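Notes follow the structure.
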Amino acid sequence: LNVCWVITSAALTLQPSTQTIQNLAQAISEVKQQSKVPVLFPAKVPVNDVNDKYFASAMVHPDGNGYYISIDKTADCNGAKYCSIGEISAQMGDRPQIYAAMNGPDLTVPVALKNGHKAYFTPSHAEADYWPAQIEFRQQNVLYRVSWRVADTKHEKPILIALTNS
């Protein structure tokens with residue numbers, strides 16, 4: 001994933017992942033060693049302050065056909081919902097999920113990524129639980145999901161597209 005554009009919104013900027021996420025290289029290395037799925041990770045991630053520091057935790061499915069890398073506020077979070085701010089995941093053979101609001105209309109909408117990939121954006125929403133904004137796209141029979149908690153919900157779509165494109 002390469003940077004195509006940077007978005008700034010209400011003090012939110014995209015910063016280099018390797019400078020912002022403390023143990024990212026180690027987490028990606030562990031995933032690459034165990035996963036049968038190509039590992040993708042954004043070059044840049046959203047931060048509110050350039051001094052923000054996050055932590056990575058990773059898990060590979062036992063069969064090697066998928067993984068997730070959680071980006072957390074604390075080193076011992078390990079992807080728990082209350083302290084995780086984002087997640088990059090992949091699963092071989094999966095398809096994007098189209099989410100619908102309780103009153104019927106689809107929440108998920110198609111979006112285009114810079115490389116011509118068709119993707120699907122779902123805004124953050126609360127339905128029995130809170131779900132952060134996410135983008136899903138398929139590449140070589142693998143479903144990739146980029147999910148991030150964005151405080152500025154009116155800008156989460158361009159922020160998630162920029163994150164996914166980076």
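Bear in mind the structure is a predicted one, so any value in this text is a computation, not a measurement. Residue numbers count from 1 along this sequence.
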Would you say [X]'s side chain and [Y]'s backbone share a donor-acceptor pair under 3.5 angstrom?
X    : Y    : value
D72  : A56  : no
S147 : E87  : no
S29  : A25  : no
R149 : S84  : yes
K114 : T164 : no
R95  : L143 : no

Mind checking whether [X] and [Y] have side chains closer than 4.5 Å, heavy atoms only?
X    : Y    : result
L163 : P46  : yes
Y54  : T74  : no
P123 : K157 : no

If you group Ile, Leu, Val, Met, Phe, Trp and Tyr by side-chain heavy-atom gaps below 4.5 Å, do [X] and [Y] land in one group?
X    : Y    : value
L24  : L40  : yes
F55  : W148 : no
M59  : Y144 : no
L113 : L160 : yes
M92  : V39  : yes

So which of K32, Q34, Q26 actually passes side-chain hydrogen bond (donor to acceptor under 3.5 Å, both in side chains) with E30? Q26
From [X] atom [atom1] to [Y] atom [atom2], the distance as rounded to the nearest 0.5 Å:
X   : Y    : atom1 : atom2 : value
N23 : S57  : CG    : OG    : 8.0 Å
I98 : T122 : CD1   : OG1   : 6.5 Å
C77 : I71  : SG    : CD1   : 10.5 Å

Kindly give the heavy-atom pair with the smallest separation between E136 and P96, and that separation in Å. OE1-CA, 3.4 Å
Nearest heavy atoms of Y99 and H125, plus distance in Å: CD2-NE2, 4.2 Å
Report the C-alpha separation of V37 and Y67 in whole Å, then their side-chain angles, then the decisive distance to 0.1 Å, and conclude whether the side chain to side chain contact (heavy atoms under 4.5 Å, CB included) test is met. CA-CA 8 Å; V37 176; Y67 66 83; 4.0 Å; yes
Quick one, L14 with V45, criterion side chain to side chain contact (heavy atoms under 4.5 Å, CB included). Give me CA distance, side-chain angles, the key distance, then yes/no. CA-CA 5 Å; L14 293 178; V45 296; 5.6 Å; no
Trace of the side chain to side chain contact (heavy atoms under 4.5 Å, CB included) decision for Q134 with F121: CA-CA 6 Å; Q134 70 177 20; F121 169 76; over 6 Å; no
Going through the checks in order, is the side chain to side chain contact (heavy atoms under 4.5 Å, CB included) test met by I88 and Y68? CA-CA 6 Å; I88 312 305; Y68 75 80; over 6 Å; no
Between [X] and [Y], do the side chains contain an N or O donor and an N or O acceptor separated by less than 3.5 Å?
X    : Y    : answer
D106 : T108 : no
T13  : Q15  : yes
H61  : Q91  : yes
N78  : S70  : no

Might you confirm whether atom NZ of K53 has over 12 heavy atoms from other residues, nucleotides or ligands at distances under 6.0 Å? yes
One pair to check against side chain to side chain donor-acceptor pair (under 3.5 Å): T153 and S124. What are the steps and the verdict? CA-CA 7 Å; T153 57; S124 59; 5.6 Å; no
